[in-house]
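Just so it is clear: chains get the letters A, B, ... in the order the sequence lines come, proteins before strands, and each one is counted from 1.
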There are 2 protein chains.
Amino acid sequence: MSRLAGVSIKTVSRVLNREKRVAEATRAKVNAAVASLNYRPNVAARTLAGHRSFQIALACDNPSPYYVYEMQSGIRDRCQMDGVRMIAQPYDHDSERLLDDIESLVDASGVDGLILTPPATDYPEVLALMARRNVRFVRVSPGTDLDLTASVFIDNVGAATAMTRHLLALGHRRIGFISGHASYATSTQRLEGYRSALDDADIAFDPLLVRPGDYDFASGADATEALLALRDPPSAIFAANDDMAAGALSVAHRRGLSVPAQLSIAGFGDDAVSRFVWPPLTTIRQPTRTLGYQAADLLLAGEFKIERREVPFELVRRESTGPLRSAGSAAG
Amino acid sequence: MSRLAGVSIKTVSRVLNREKRVAEATRAKVNAAVASLNYRPNVAARTLAGHRSFQIALACDNPSPYYVYEMQSGIRDRCQMDGVRMIAQPYDHDSERLLDDIESLVDASGVDGLILTPPATDYPEVLALMARRNVRFVRVSPGTDLDLTASVFIDNVGAATAMTRHLLALGHRRIGFISGHASYATSTQRLEGYRSALDDADIAFDPLLVRPGDYDFASGADATEALLALRDPPSAIFAANDDMAAGALSVAHRRGLSVPAQLSIAGFGDDAVSRFVWPPLTTIRQPTRTLGYQAADLLLAGEFKIERREVPFELVRRESTGPLRSAGSAAG
DNA sequence: TTGTACGCGTTATCAT
DNA sequence: ATGATAACGCGTACAA
């Protein structure tokens with residue numbers, strides 16, 4: 001017991017929990033004792049006795065490592081401020097275990113809060129769970145039941161509309177769209193933005209120009225092959241995320257298409273992938289790290305209320321980047 | 001208490017902990033009760049009473065999101081088998097907080113084990129901490145004090161030697177090397193392999209051909225600019241990781257150099273980045289996910305002993321991939 | 001094979 | 001402002 005060091009008994013608890021009613025003198029003594037003994041309160045005991053675990057969980061399943069990395073980084077940044085730990089709880093989007101994992105996170109681990117990313121954010125069973133539980137939940141980019149939990153998001157529809165308008169402004173009339181997996185609301189929203197921009201421009205929607213993907217590189221490549229194989233192929237391709245855009249790009253290269261001279265490619269993501277492929281892609285920059293930070297902040301900051309926080313996106317233009325012509329001439 | 005459901009008292013504990021001496025009948029009854037009540041033992045209570053927390057931590061700081069993602073995935077796969085959770089504990093490699101974080105992970109959170117990745121694996125203070133603690137530690141790719149803790153690794157020296165030999169066999173005589181940050185033992189080891197192969201081929205080591213990087217895209221690009229600016233530039237560049245190789249590639253593109261016709265680029269990583277840049281790069285495939293899995297396995301499987309596990313690497317050749325010529329001719 | 005009593009280290013409640 | 005005491009929910013040791 002740190003009582004030996006200090007002079008008071010478990011007033012230590014008050015000090016450590018930064019409670020109001022403590023004399024400045026006692027507080028100092030306790031703090032000194034804590035420092036000298038390198039004392040660290042046991043988390044398990046605090047969890048058992050109190051009602052907080054000093055842990056939050058991130059239930060995340062996304063094919064893009066960058067997304068996961070940035071999301072975790074943002075959450076970490078916020079957690080560090082409160083001395084809270086993050087449990088990383090990956091899940092397979094088709095796994096039966098998800099619900100069980102979440103429940104045991106709440107029941108057994110007693111986490112103070114849970115952050116969910118798509119597609120689980122919109123699973124009916126998960127929504128039902130959240131509805132009957134009295135736990136802090138924050139959903140990132142949810143698609144349905146927006147008032148059920150707190151959430152952070154960007155305007156996916158607006159972002160996709162902006163990008164599509166941008167491509168239209170460049171003169172493109174046939175724009176291919178590679179969607180994400182249908183279970184991701186973000187994918188649906190981005191497709192909606194795409195359609196909306198076409199509508200505004202009075203361009204007929206051609207279902208052939210929309211190909212399903214899986215938010216990963218390979219599916220982006222496959223979808224692009226399909227789009228380029230069309231009788232009347234698109235002059236631009238807008239992928240619902242950067243990994244798929246990178247896949248699209250690889251196909252362009254493989255086929256010897258100059259980008260963007262012969263084929264424009266646009267992406268959507270946190271601008272890591274889009275920046276380091278060649279040529280760097282025009283993309284919608286989604287500040288994933290900020291999404292994570294804000295999600296954690298909703299969980300940790302004071303009173304918890306069901307609040308919706310929108311984070312701004314940015315359209316990053318990179319058309320000016322030279323086409324591969326220079327590379328070609330050098331090679332030829 | 002689930003006593004109401006079952007008939008016995010806290011023999012439940014025995015059942016849940018899969019102890020030997022329990023009658024098959026009682027076990028069945030208890031299990032039924034557990035299932036019907038959806039009972040989940042409280043982790044905090046178990047941690048407090050017992051001596052396990054059912055949590056392990058991954059202290060990881062790596063500039064490559066793919067590395068982190070794959071590492072976590074491997075650990076997750078193994079943890080899932082034992083119902084153990086993973087705490088993701090990122091750190092800044094220059095942070096004073098690291099030691100404090102690790103200690104509180106052990107003292108306060110009472111994790112059952114800790115997995116460390118470079119560069120923290122070789123920090124003297126961290127090593128000292130591990131030496132005086134009686135906790136399960138596993139280091140991934142450590143560089144020093146190999147007998148201090150259990151570890152998993154690939155033969156970095158051998159891998160770099162193999163790649164360098166490969167480049168030599170292709171006819172290259174001036175091979176640039178982009179190292180990682182000096183605090184990463186893996187970087188030093190890979191450089192050593194590079195030098196070793198040169199020695200074997202009786203090629204004088206030219207310090208100008210070695211440029212420091214930071215294991216990230218930007219530093220790879222910078223180092224490449226420097227290498228190409230040399231009076232006698234290299235015909236091939238071997239980067240100590242794939243992110244830097246991608247950076248090198250971007251410079252080649254920007255300068256209109258055909259890859260690999262005019263400049264060969266080789267990488268080192270888990271083959272995600274190297275596969276989706278253009279052209280896909282020859283690389284040393286390090287099975288990062290396997291490293292994570294094995295690290296977790298060392299922690300969780302039975303008796304813990306200080307064991308060293310080596311995982312095989314693979315040299316993935318991709319020179320046959322066409323140069324950019326086709327793209328160029330199409331563009332021109 | 002199963003049940004009982006105690007303790008893990010902290011917070012919460014109530015006195016003081 | 002501070003101290004005593006009872007939980008918190010489970011393992012462990014020992015008894016039955």
Side-chain angles (χ1 to χ4, degrees), chain A residues 1-35 37-55 82-85 103-112 134-135, chain B residues 1-35 37-55 82-85 103-112 134-135:
Chain A
M1 277 303 160
S2 60
R3 172 184 201 172
L4 307 176
V7 227
S8 49
I9 313 202
K10 288 151 191 171
T11 312
V12 178
S13 178
R14 304 187 203 281
V15 176
L16 290 173
N17 288 315
R18 298 202 181 101
E19 290 181 23
K20 292 283 183 186
R21 317 295 179 86
V22 235
E24 211 37 68
T26 7
R27 170 163 311 190
K29 278 191 293 188
V30 174
N31 281 329
V34 165
L37 272 72
N38 212 301
Y39 169 79
R40 299 169 192 286
N42 182 296
V43 173
R46 300 179 78 169
T47 306
L48 191 56
H51 293 286
R52 338 185 303 168
S53 68
F54 304 90
Q55 291 188 158
D82 287 35
V84 167
R85 310 247 177 233
E103 283 219 75
S104 75
L105 230 21
V106 173
D107 287 339
S109 296
V111 292
D112 297 334
N134 190 26
V135 186
Chain B
M1 275 308 157
S2 58
R3 172 183 202 173
L4 306 176
V7 230
S8 51
I9 315 202
K10 289 151 189 172
T11 311
V12 178
S13 179
R14 305 187 202 281
V15 177
L16 290 174
N17 288 319
R18 298 202 181 102
E19 289 181 24
K20 292 283 182 185
R21 317 296 181 84
V22 233
E24 212 35 69
T26 8
R27 171 162 313 193
K29 277 191 294 188
V30 174
N31 281 331
V34 165
L37 271 73
N38 211 300
Y39 169 79
R40 298 169 193 285
N42 182 296
V43 172
R46 300 180 79 170
T47 305
L48 194 54
H51 294 284
R52 336 185 307 168
S53 68
F54 304 91
Q55 291 188 156
D82 287 35
V84 167
R85 310 249 176 231
E103 284 221 71
S104 76
L105 231 20
V106 174
D107 287 338
S109 295
V111 292
D112 296 335
N134 190 25
V135 187

Name the closest nucleotide to the B/R46 side chain, picking from C/dT10, D/dG11, D/dG3. D/dG11
D/dC10 C1' sits how many Å from A/N42 CG, rounded? 14 Å
Please report, rounded to the nearest Å, how far the P atom of D/dC8 is from the CG atom of A/D107. 17 Å
Considering all heavy atoms of both residues, which atom of B/P41 and which atom of A/A108 are nearest to each other, and what is their separation? O-CB, 3.3 Å
State, to 0.1 Å, how close A/N42 and B/D107 come at their nearest heavy-atom pair, and which atoms those are. ND2-O, 4.5 Å
Whole-Å distance, B/Y39 OH to D/dG9 P, equals 9 Å
Does the D/dG9 base have a donor-acceptor partner in the side chain of B/R40 within less than 3.5 Å? no
Quick one: does B/S53's side chain have a donor or acceptor within less than 3.5 Å of a partner on B/Q55's backbone? yes
Protein-nucleotide distance (A/H51, atom NE2; C/dT10, atom C1'), rounded to Å: 12 Å
Are B/L105 and A/R85 packed together at the side-chain level, in the sense that at least one heavy-atom pair is separated by less than 4.5 angstrom? yes
Take atom CG of B/D112 and atom P of D/dG11, then tell me their distance rounded to the nearest Å. 13 Å
Between atom CZ in A/R14 and atom C1' in C/dT11, what is the gap in whole Å? 10 Å
Name the residue closer to the 5' end of DNA chain C, choosing between B/E24 and B/L48 according to the nucleotide with the nearest heavy atom. B/E24
